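Bear in mind that the values here come from a model prediction, so they are computed numbers and not experimental data. Hydrogens, waters and symmetry mates play no part in the numbers below; they use all other heavy atoms, side chains included.
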Amino acid sequence: MLIQPLDYVRGVSSEEIPQTRRSSIQEQGHRLHEYANAAVWRKQCAATGRIFADPTELREQIWSHLTEDDSEMTTLYKDSGVCQAIVRKPWFEMASMALMVANSVWMAVALDNNSSSVLHDADPIFQVMDHLFCFLFLTELLIRLGAFRCLRDATRDHWIVLDVVLVILFIVETWILGTIAAISGMMMAGGSLKLMVIFRVLRLARVLRLAHVFHYLPELMVIARGLLRALRAIALVLALLGLIIYIGAIMLKGALEDTSLGRAQFTDVATSMATLMLDCTLSGTRGTAVMRAAWAEHPVMGVVVLVFVLISNVTMLGVLTGLLVQTVKTVAEVEREEKTVKQLVNSMEDVWKLLLETVESSDGKIDEHQFRDLISVKETAIIMHTLDVDVVGLASVSAFVFEQHEGRIGRKDFLQMILDLRNSKKATVKDHIETRKFVKAALHRLSRRSGSSSSSG
């Protein structure tokens with residue numbers, strides 16, 4: 001029995017529905033719920049079961065990241081004040097990155113030349129530089145926090161949260177524990193061993209500041225995501241390789257028992273696995289010594305070791321190399337795509353801002369006439385053509401796109417429309433569905449025009 005949705009539309013209460021039909025409706029609802037859960041589960045399995053990274057999926061992630069409104073955090077800043085004015089300046093981010101790089105370089109210099117475990121025992125140059133860096137990082141953090149209307153809004157930026165933690169650790173190491181150690185005259189010996197360990201841990205924690213490189217260079221995040229996607233495939237290959245080594249160790253341990261080679265290199269399963277991994281799998285041509293020794297024991301044993309080397313070294317490591325090559329290829333494609341999309345987004349951002357400045361828009365959106373005026377400008381058409389955008393096709397489908405968005409589109413929909421009409425973009429099932437919608441809308445408009453003309457005639 002099918003569910004009749006008109007019962008709900010007409011406002012029929014559950015008491016007016018017969019018990020048998022009500023139970024049938026509930027049963028069908030449970031089945032639909034199970035089907036939906038099964039569909040979600042199959043989609044998750046398909047996503048997690050991939051061996052190779054999907055370039056299309058990575059491109060979609062890049063597009064979603066680059067088209068997000070970067071001004072979201074700036075909307076939380078104060079409208080006036082020194083701190084918000086400084087944070088909005090481009091040179092502030094450049095100075096922050098330069099400070100991070102200088103601190104990273106100085107960490108290497110200090111580790112190589114400063115043998116003291118506490119700051120007050122170090123040379124004056126190391127004391128001055130540590131106090132200077134601590135002061136500069138604290139100043140940077142206070143300026144960033146002072147730009148927000150409410151300090152609670154700062155927690156929405158994960159990089160600021162990381163800065164707060166690192167600056168607190170820096171202050172504890174440099175000014176609090178350093179002052180306590182200097183006043184009490186503690187030396188790093190005997191009972192002060194725990195304090196020395198705390199100093200070293202806090203000093204090593206400064207390395208976490210290098211994570212800011214991913215913030216200033218988003219391209220590194222693309223490469224990191226690609227490598228993380230390859231970890232599952234690499235782990236599967238390594239697990240299979242470990243299983244092959246384990247099986248080979250058991251076979252050779254039993255076959256070479258009570259032989260000179262068995263007593264030397266195959267005494268137990270763990271030692272046999274170590275021998276096969278180090279001397280056969282990872283040694284390359286240097287693993288011939290084990291094959292020669294096994295051949296000396298018995299030709300069959302030599303052939304067994306040779307087969308193991310062919311399977312583990314040549315085949316499995318070859319597969320692992322292929323996985324890494326495929327990952328590098330995917331990452332290279334995605335990185336090239338990111339550069340193209342980033343250039344397109346930056347150019348269209350400038351066009352969008354210029355458009356909003358020339359038209360009156362209270363909601364930050366434009367209509368079809370304003371869009372057509374924009375693309376009719378020669379400079380805009382040249383910019384889009386340079387970015388490999390089909391300007392003619394864009395003008396043709398603009399009416400359909402605006403109709404889908406009730407006559408007005410915002411920034412993200414504008415960028416999406418521009419990106420979809422690049423000549424280098426491959427067609428997908430989604431594009432075919434949009435084409436069907438476009439044809440249907442065009443036929444609908446044509447039928448309305450023909451109907452109006454026949455009625456007027």
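Asp413 pairs by the salt bridge (Lys or Arg N to Asp or Glu O under 4.0 Å) definition with nothing, not counting sequence neighbours. Residues passing the side chain to side chain donor-acceptor pair (under 3.5 Å) test with His369, sequence neighbours excluded: none. Listed by chain and residue number, nothing satisfies the salt bridge (Lys or Arg N to Asp or Glu O under 4.0 Å) test with Arg88 (two or more places apart in sequence, or in another chain). Looking at residues two or more places apart in sequence or on another chain, you find a side-chain contact (heavy atoms from CB on, under 4.5 Å) between Tyr246 and Ile250, Val269, Met273. Listed by chain and number, the residues in a side-chain contact (heavy atoms from CB on, under 4.5 Å) with Ser398 are Glu368, Phe371, Arg372, Phe402 (sequence neighbours excluded). Scanning for salt bridge (Lys or Arg N to Asp or Glu O under 4.0 Å) contacts around Asp112 gives an empty result, with sequence neighbours left out.
Within the 3.5 Å criterion, the main-chain N or O of Trp159 finds a donor-acceptor partner in the side chain of Asp157. Judged purely by atom type and a 3.5 angstrom limit, Thr155 uses its side chain to pair as donor or acceptor with the backbone of Arg152. Proximity of a side-chain donor or acceptor of Gln370 to a complementary backbone N or O of Asp367 within less than 3.5 Å is detected. Thr281 places a side-chain N or O within 3.5 Å of a backbone atom of Leu276 that can act as its donor or acceptor partner. A donor-acceptor pair is defined here as one N or O able to donate and one able to accept, closer than 3.5 Å; such a pair exists between the side chain of Asp268 and the backbone of Thr271. A distance-only check finds no donor-acceptor pair linking the side chain of Arg149 to the backbone of Lys78 [under 3.5 Å].
Residues Leu320 and Leu238 have side chains in contact (heavy-atom distance under 4.5 Å, counting atoms from C-beta outward). Residues Gln265 and Asp279 have side chains in contact (heavy-atom distance under 4.5 Å, counting atoms from C-beta outward). Looking at heavy atoms from C-beta onward, Asn103 lies in side-chain contact with Met107 at the 4.5 angstrom threshold. Contact of the Asp153 side chain with the Tyr77 side chain is not registered, since no non-hydrogen atoms from C-beta on lie closer than 4.5 Å. Arg408 places none of its side-chain heavy atoms less than 4.5 Å from the side chain of Ile366. Between Lys89 and Ile86 there is no side-chain heavy-atom pair separated by less than 4.5 Å. You'll find the side chain of Asp130 reaches within 4.5 Å of the side chain of Trp106, heavy atoms only. Side-chain contact between Lys365 and Ile409 is absent, with no heavy atoms from C-beta onward closer than 4.5 Å.
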Task: Residue pair Leu241, Ser312: steps toward the side-chain contact (heavy atoms from CB on, under 4.5 Å) verdict - done: CA-CA 6 Å; Leu241 182 60; Ser312 63; 3.7 Å; yes
- [ ] Please step through side-chain contact (heavy atoms from CB on, under 4.5 Å) for the pair Ser272 and Leu252, ending with a clear verdict.
- [x] CA-CA 8 Å; Ser272 302; Leu252 291 175; 5.8 Å; no
Open item on the list: Set out, in order, the CA-CA distance, both residues' side-chain angles and the distance that settles side-chain contact (heavy atoms from CB on, under 4.5 Å) for Leu99 and Phe133, then state yes or no.
Closed with: CA-CA 8 Å; Leu99 178 61; Phe133 279 121; 3.8 Å; yes
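You'll find the ring centres of Phe135 and Trp175 outside the 6.0 Å limit.
Side-chain contact check for Ser96 and Glu140: at least one donor-acceptor pair (N or O, by modelled atom type) lies under 3.5 Å.
The two residues Arg144 and Glu93 have their closest heavy-atom pair at NH1-OE2, 3.2 Å. Contact record, Leu119 with His131: CD2-NE2, 3.7 Å, taken as the closest heavy-atom pair. Asp79 approaches Gln84 most closely through the heavy-atom pair O-NE2, 3.8 Å. Here the closest heavy-atom approach between residue Ala154 and residue Leu145 is recorded as CB-CD2, 3.8 Å.
Rounded to the nearest 0.5 angstrom, Leu141 CG and Ile171 CD1 are separated by 8.0 Å.
Atom CG of Leu151 has 12 or fewer heavy atoms from other residues, nucleotides or ligands within 6.0 Å.
Using the six-membered ring where Trp is involved, Phe137 and Phe170 have ring planes that are tilted, between 30° and 60° apart.
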